[in-house]
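Heads up: the structure comes next, in structure tokens.
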Amino acid sequence: MVRTIHIHNSLTRKKEEFKPIHEGQVGLYVCGPTVYNDVHLGNVRTFMSFDIMYRYLLHSGYKVRYVRNITDVGHLLDDGEDRISRGARLEQLEPMEVVQKYTNRFHAMMDRFNTLRPSIEPRATGHILEQIEMVQAILDKGFAYEKNGSVYFDTIKFAQEKGNYGKLSGRVIEDLQTATRDDLKNQSEKNHPSDFAIWMKADQSHIMKWNSPWSEGFPGWHLECSAMSTKYLGPTFDIHGGGNDLKFPHHENEVAQNVAACSCQPANYWIHTNMLLMNGKKMSKSDGNTISPEELFSGDSPHVSKGYDPMVVKFFMLQTHYSSTLDLSDDALQAAEKGFKKLMDAYKHLQNLDEATATGSTDLDLEINKGIQAAYAAMDDDFSTPKALAQLFELTTKINSLKDGHIKLNELSPEVLDNLKKTMKVFIFDIFGLTNIEDTGSRHLNGVMELIIDLRQSARVNKDWVTADKIRDTLQALNIQLKDGAEGTSWTIN
RNA sequence: GGUCGCGUGGCCGAGUGGUUAGGCAGAGGUCUGCAAAACCUUGUACAGCGGUUCGAAUCCGCUCGCGACCUCCA
């Protein structure tokens with residue numbers, strides 16, 4: 001079953017029904033990280049957002065080819081130094097060592113957030129040939145010019161002949177003229193300030209450089225995505241994603257390069273995720289307004305009062321739509337932690353519910369099925385995780401009521417109970433990719449807790465409240481909370 | 001300065017022109033040996049000022065505040 005999904009398309013700024021080029025298949029390209037240091041939370045948010053989309057498309061029955069690149073050359077700093085070269089210089093490593101090191105660490109971090117690996121994760125340096133070919137193609141079409149061994153994209157000519165430079169980012173070329181900063185590298189070589197380099201001649205000190213028809217040099221930053229998306233997804237594919245800070249110039253230039261090289265739009269749908277804020281400002285690697293994922297996990301940061309599990313952080317992010325800014329705060333994280341545990345507790349209790357005996361369609365059946373459908377409808381509507389979560393919490397209330405006997409299981413039919421179990425599992429684990437955090441307790445701990453709860457129950461039967469409360473309060477001090485319910489006592493680690 | 005977006009109850013955060021978002025916190029209640037948990041009830045919010053409309057948080061205009069992008073950023 002392939003569901004009908006609506007996506008907010010940045011290209012048209014409208015919500016549109018998603019229609020893949022090839023039925024049942026999706027080509028998805030996401031701009032990945034530049035691996036010159038560790039990812040920060042803002043990166044994580046973006047990749048997590050696309051991971052949810054990837055998972056949901058898969059769950060909806062699509063065959064998805066998910067390409068997310070690793071940028072390991074061409075992405076320059078303000079002073080013109082390559083980010084990877086700088087990392088290599090600072091850490092006294094080979095550039096490729098820097099790349100490998102931070103690629104590994106990036107993967108490890110995304111694993112902690114339980115995101116799926118892409119189908120293909122191509123590196124820019126592994127595709128120098130393709131990029132050189134694309135530069136040549138753009139030159140051949142007359143949309144680029146060479147100056148002193150560097151090749152620049154001719155935005156003026158492109159705009160005149162293709163007429164759509166700036167469409168994605170809403171930019172007008174005349175504005176770019178006046179707004180351009182004058183501290184940019186090789187600005188004087190360009191015919192026009194809005195032109196951009198697609199091949200750059202390397203100076204003597206540059207470590208990372210390759211032979212090309214124009215010079216020994218390296219590709220422009222925007223070029224890799226154009227070349228690699230074309231190679232792995234074809235000249236036109238379904239969805240291109242990235243953070244909205246990439247919209248201009250990166251994505252705008254990417255589109256221009258593809259259109260110039262082959263006269264085709266690279267992606268039918270563009271999806272841009274919004275920024276993660278902290279203290280009301282964009283969380284950003286370059287200006288230091290940031291908290292690292294590790295600091296967030298350990299609590300070792302002035303911005304948080306304690307550490308938060310990656311799953312809590314993920315849950316926190318899921319409560320906001322990907323297209324909205326999200327302001328990180330300790331209060332919000334604490335609230336998210338409780339909400340997350342409530343959801344996971346309910347899921348655990350759901351597993352113990354059995355023997356639904358109603359026949360036919362009861363009111364409760366209808367209500368639960370309606371909630372399930374609403375959760376799917378929310379995801380179909382531009383991947384609205386907050387709305388879907390709200391539905392899961394409605395279901396959570398029902399589950400807890402059933403658990404406590406406030407609603408009787410004989411008001412529920414077995415089919416609907418099964419459907420409920422299946423849906424909760426699919427959403428929590430398959431679509432949201434959450435995992436249990438209290439399962440860190442081993443089998444041993446489970447056994448010990450069973451024994452302790454059993455002993456306390458004996459004490460309670462004997463009205464030995466001193467012993468019963470001592471057990472409870474001591475465990476509480478260890479952050480293990482006992483929960484006395486109708487069907488016995490359960491426990492969680494807080 | 002240009003472009004775009006946002007401003008929702010104590011906090012976070014959804015939102016289609018008329019119907020309960022949801023989470024956390026708070027209040028009352030049920031349950032419980034007590035407590036916790038859970039469940040039930042509860043808050044009457046949409047920056048301000050105008051306008052359109054039978055009706056606007058939702059559309060339009062203005063004002064104020066905030067943020068993003070404007071060739072480093074997910």
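Convention: sequence-line order gives letters A, B, ...; per-chain numbering from 1. All figures in this text were calculated on a predicted structure; none of them were measured in a lab.
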Students often get this wrong, so: under 4.0 angstrom with heavy atoms, is [X] touching a base, only sugar-phosphate, or nothing?
X	result
A/Asn400	sugar-phosphate
A/Lys342	sugar-phosphate
A/His250	nothing
A/Gly42	base
A/Lys247	nothing

Closer than 3.5 angstrom, by distance alone: can the side chain of [X] be matched with the main-chain N or O of [Y] as a donor-acceptor pair?
X	Y	result
A/Ser384	A/Met379	no
A/Asp309	A/Met311	yes
A/Glu254	A/His222	no

Examine the base of [N] for any acceptor or donor lying under 3.5 Å from a partner atom in the side chain of [X], and report the outcome as yes or no.
X	N	value
A/Arg472	B/A35	yes
A/Asp331	B/A25	no
A/Asn274	B/G67	no

Partner of [N] by Watson-Crick or G-U wobble geometry, both contacts under 3.5 Å, or none?
N	answer
B/G43	none
B/C49	B/G61
B/U16	none
B/C4	B/G67
B/A38	B/U30

For the pair made of [atom1] in [X] and [atom2] in [N], what is the distance, rounded to whole Å?
X	N	atom1	atom2	result
A/Leu277	B/A68	CG	C1'	9 Å
A/Met275	B/C6	CE	P	16 Å
A/Leu11	B/C4	CG	C1'	15 Å
A/Asp345	B/C24	CG	P	11 Å

A/Phe113 and ring-ring contact (aromatic ring centres under 6.0 Å, His included): which single residue from A/Phe297, A/Phe106, A/Phe47 fits?
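By the ring-ring contact (aromatic ring centres under 6.0 Å, His included) criterion, A/Phe113 pairs with just one of A/Phe297, A/Phe106, A/Phe47: A/Phe297.
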SB check A/Asp464 A/Arg456 (cutoff 4.0 Å)
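Answer for the salt bridge query: no.
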Could you tell me whether the side-chain ring of A/Phe47 sits stacked on the base of B/A74, using a centroid cut-off under 5.5 Å and a plane angle under 30°?
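No; by the centre-distance and plane-angle rule, A/Phe47 does not count as stacking on B/A74.
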